[in-house]
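This report concerns only the one structure given below.
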Amino acid sequence: MAPPTRIGLAGLAVMGQNLALNIAEKGFPISVYNRTTSKVDETVERAKQEGDLALFGFHDPESFVQSIQKPRVIIMLVKAGAPVDQTIKTLSAYMEKGDCIIDGGNEWYENTERREKEMSGLGLLYLGMGVSGGEEGARNGPSLMPGGSFEAYKYIEDILLKVAAQVSDSGPCVTYIGKGGSGNFVKMVHNGIEYGDMQLIAEAYDVLKSVGKLSNEELRSVFSEWNRGELLSFLIEITADIFGIKDDKGEGYLVDKVLDKTGMKGTGKWTVQQAADLSVAAPTIAASLDSRFLSGLKEERVEAAKVFKSGGFGDILTDQTVDKAKLIDDVRQALYASKICSYAQGMNLIRAKSIKKGWDLKLGELARIWKGGCIIRAIFLDRIKKAYDRNPDLANLLVDPEFAKEIIDRQSAWRRVVCLAINSGISTPGMSSSLAYFDTYRRERVPANLVQAQRDYFGAHTYERVDMEGSFHTEWFKIAKQLKN
């Protein structure tokens with residue numbers, strides 16, 4: 001009989017396998033289990049090949065649970081929703097008081113809070129842990145966002161600190177996020193920011209390709225160049241890589257053969273729904289979601305293109321010649337400024353939820369653990385961390401003195417790119433809504449006074465005044481009628 005292992009992992013799809021191998025490689029013997037037993041054997045085989053790692057496979061839940069040292073800690077990486085409840089039921093039957101279950105999937109935060117309550121009824125501890133970084137991150141160092149029982153976090157802290165991505169100047173990309181479902185919530189918003197980031201990069205590509213007529217080779221070199229400066233990030237790096245890859249099934253480049261129809265798993269949608277629930281403006285993230293919905297209407301778009309071609313609408317409405325070098329520089333600045341708005345919206349959403357739930361989340365610490373391992377990792381996050389270090393109560397990233405100066409320096413380029421896109425008939429919803437967000441936020445007075453007047457006119461909703469206290473109602477209809485006579 002092998003000595004008990006330090007930890008267990010159930011659910012051996014891509015993420016589960018890679019995380020299990022990562023844990024074993026960091027020196028923690030691990031037991032693994034999967035309902036489909038072929039996955040167990042496959043993982044054991046990989047552990048042998050990847051350095052004879054201390055990974056032990058089990059085909060039945062009971063012997064799997066019994067093989068782990070007490071208090072037992074088991075990470076689940078299974079599909080969100082019903083499969084999680086099913087796995088908990090299977091495993092908890094053999095677990096004892098004080099043992100702990102960790103859900104590493106993209107779960108809706110309220111489900112985690114429900115399960116934490118149910119588990120504590122059985123004397124078990126529970127954590128909901130966001131894991132970001134895809135299969136590469138899971139294998140070599142992800143960004144980890146554990147929330148829930150602090151006691152459970154303490155059980156496993158030594159493992160997480162080693163398994164997480166390591167950033168030389170700021171340490172392991174893991175921290176105890178907070179109570180309840182806060183780990184899942186933070187991971188959800190991380191994914192929403194990721195939607196915004198990807199959309200903004202796609203728009204930069206569209207403007208450069210459609211208006212600037214850059215070839216894939218030129219795009220590759222532009223994005224590689226950007227990845228050496230302020231935009232240095234995982235998403236910019238992989239974008240540069242994508243432009244360099246030739247089609248293995250035909251002529252030309254692979255990116256041009258990929259269907260323009262985006263899939264999604266739901267975390268972006270949840271982010272926008274939460275923003276609406278909390279009355280937090282998140283237009284850049286919402287625009288990225290709308291763009292995915294519209295991309296799904298491929299057949300309708302093909303027909304619409306035919307309808308509008310006859311009206312003189314090609315794909316591009318202008319034939320103006322552009323100064324390529326100037327355009328590239330403008331687009332870089334517009335992308336950076338838009339990105340600040342997207343992250344500002346995500347951080348404001350996290351803060352609003354934290355206040356409502358009493359989670360006491362540390363925004364600067366979140367920026368720190370996103371610096372490595374995760375999909376939105378970027379040098380830019382260091383600036384965000386420093387902004388919150390300077391002022392933990394910062395109302396909005398836009399008004400941090402450093403970010404404010406960066407936006408002021410870039411706003412002319414940003415406006416030029418959005419105008420050029422509009423005049424060329426190319427949609428840049430992410431950049432445009434980021435700009436609209438900035439322009440609304442920086443204005444002392446906006447036209448909401450008229451909207452309030454309208455609401456009071458037709459629904460007697462009352463309004464406040466700029467010059468005296470209190471709520472007022474005016475009989476607009478009667479006065480207007482008298483004026484017409």
Side-chain angles (χ1 to χ4, degrees), residues 4-20 23 30-44 55-131 138 144-156 159-160 177 179-185 187-188 265-267 270:
T5 55
R6 173 71 172 79
I7 187 168
L9 190 142
L12 296 171
V14 174
M15 289 293 282
Q17 275 195 29
N18 282 302
L19 191 62
I23 292 169
I30 183 169
S31 302
V32 299
Y33 165 74
N34 195 75
R35 228 177 37 183
T36 314
T37 53
S38 58
K39 288 278 186 207
V40 176
D41 303 337
E42 193 183 300
T43 311
V44 170
L55 180 144
F56 305 90
F58 294 87
H59 287 177
D60 71 288
E62 185 173 7
S63 52
F64 163 66
V65 174
Q66 301 301 345
S67 72
I68 305 160
Q69 73 176 47
K70 297 178 190 177
R72 302 183 183 91
V73 177
I74 297 175
I75 299 176
M76 298 180 295
L77 275 159
V78 296
K79 273 204 177 76
V84 174
D85 291 307
Q86 190 47 55
T87 307
I88 290 174
K89 201 173 155 191
T90 304
L91 299 176
S92 61
Y94 308 105
M95 295 175 81
E96 298 168 48
K97 276 195 168 48
D99 288 352
C100 166
I101 296 181
I102 300 173
D103 177 10
N106 276 332
E107 187 53 275
W108 175 238
Y109 81 98
E110 289 179 332
N111 286 342
T112 295
E113 300 194 331
R114 164 177 64 79
R115 289 174 189 137
E116 192 187 355
K117 283 196 183 72
E118 288 166 3
M119 290 296 97
S120 72
L122 302 173
L124 300 177
L125 304 178
Y126 198 78
L127 279 176
M129 179 171 74
V131 178
L144 299 169
M145 297 155 246
S149 157
F150 184 65
E151 192 186 339
Y153 173 71
K154 279 302 184 195
Y155 277 6
I156 194 182
I159 300 181
L160 300 184
I177 301 289
K179 296 193 290 283
S182 60
N184 295 112
F185 190 88
K187 173 63 165 59
M188 174 197 78
K265 291 273 178 64
T267 42
W270 290 348

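Side chains of Met95 and Ile68 form no contact here, defined as non-hydrogen atoms less than 4.5 Å apart. At least one side-chain heavy atom of Ile75 sits less than 4.5 Å from a side-chain heavy atom of Ile23. Side-chain contact between Pro71 and Tyr155: present, with at least one pair of heavy atoms (C-beta onward) separated by less than 4.5 Å. Counting heavy atoms from C-beta outward, Ser120 and Tyr126 have side chains that stay 4.5 Å or more apart.
Taking the six-membered ring where tryptophan is involved, the planes of Tyr109 and Phe185 are perpendicular, since the angle between them exceeds 60° and thus also 30°.
The two atoms that bring Val40 and Asn34 nearest to each other are CG2-N, 3.4 Å, heavy atoms only. Across all their heavy atoms, Tyr33 and Phe58 have their closest contact at CD1-O, 3.4 Å. Counting all heavy atoms, side chain and backbone alike, Leu160 lies closest to Pro146 at CD1-CG, 4.2 Å. The two residues Pro4 and Gln69 make their nearest non-hydrogen contact at CB-N, 3.6 Å. Residue Ala152 comes nearest to Cys100 through the heavy atom pair CB-SG, 3.6 Å, listed as atom of the first residue, atom of the second, then distance. Nearest heavy atom pair, residue Ser182 against residue Gly147, reads OG-CA, 4.1 Å.
A distance of 7.5 Å separates OG1 in Thr5 from CZ in Phe64, rounded to the nearest 0.5 Å. Summarising the geometry, atom OG1 belonging to Thr43 is positioned 14.0 Å from atom CZ belonging to Phe56; distances are rounded to the nearest 0.5 Å. In this structure, NE2 in His59 is found 5.0 Å from OG1 in Thr37, a value given to the nearest 0.5 Å. Note that the OG atom of Ser92 and the CZ atom of Arg115 stand 12.0 Å from one another [nearest 0.5 Å]. Here CG of Asp103 is found 9.0 Å from OG1 of Thr87. Values are rounded to the nearest 0.5 Å. Separation of atoms CZ (Arg114) and CE (Met119) is listed at 9.0 Å; rounding is to 0.5 Å.
Tested against Ile88, the residues Leu124, Leu122, Ile101 include a single side chain to side chain contact (heavy atoms under 4.5 Å, CB included) partner, Ile101.
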Practice task
Apply side chain to side chain contact (heavy atoms under 4.5 Å, CB included) to Val131 and Leu144, showing your working.
Solution key: CA-CA 5 Å; Val131 178; Leu144 299 169; 3.9 Å; yes
Practice task
In sequence, state the C-alpha distance, the side-chain angles, and the governing distance for Val84 and Asn111, and then conclude on side chain to side chain contact (heavy atoms under 4.5 Å, CB included).
Solution key: CA-CA 10 Å; Val84 174; Asn111 286 342; over 6 Å; no
Problem - Steps toward side chain to side chain contact (heavy atoms under 4.5 Å, CB included) verdict (Arg72, Glu96) - result: CA-CA 8 Å; Arg72 302 183 183 91; Glu96 298 168 48; 3.2 Å; yes
Practice task
Check the pair Val78, Gln86 against side chain to side chain contact (heavy atoms under 4.5 Å, CB included), reporting the backbone distance first and the verdict last.
Solution key: CA-CA 10 Å; Val78 296; Gln86 190 47 55; over 6 Å; no
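In the model, Asn106 has no side-chain atom that pairs as donor or acceptor with a side-chain atom of Thr267 under 3.5 Å.
The existence of a salt bridge linking Glu113 and Lys179 is excluded, since no basic side-chain nitrogen approaches an acidic carboxylate oxygen closer than 4.0 Å.
Not counting sequence neighbours, the partners of Glu110 by the side-chain contact (heavy atoms from CB on, under 4.5 Å) test are Trp108.
Listed by first and then second residue, the salt bridge (charged side-chain N to carboxylate O under 4.0 Å, His left out) pairs that reach into residues 58-68 come to none, sequence neighbours excluded.
Formation of a donor-acceptor pair under 3.5 Å by the Asp41 side chain with backbone atoms of Ser38 is not found in this model.
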List the atom pairs, donor and acceptor, that lie under 3.5 Å between side-chain atoms in residues 10-20 and the rest of the protein, sequence neighbours left out.
| from | atom 1 | to | atom 2 | distance (Å) |
| --- | --- | --- | --- | --- |
| Gln17 | OE1 | Arg46 | NH1 | 3.1 |
| Gln17 | NE2 | Leu12 | O | 3.4 |
| Gln17 | NE2 | Glu42 | OE2 | 2.9 |
| Asn18 | OD1 | Arg46 | NH2 | 3.0 |
| Asn18 | ND2 | Val14 | O | 2.9 |

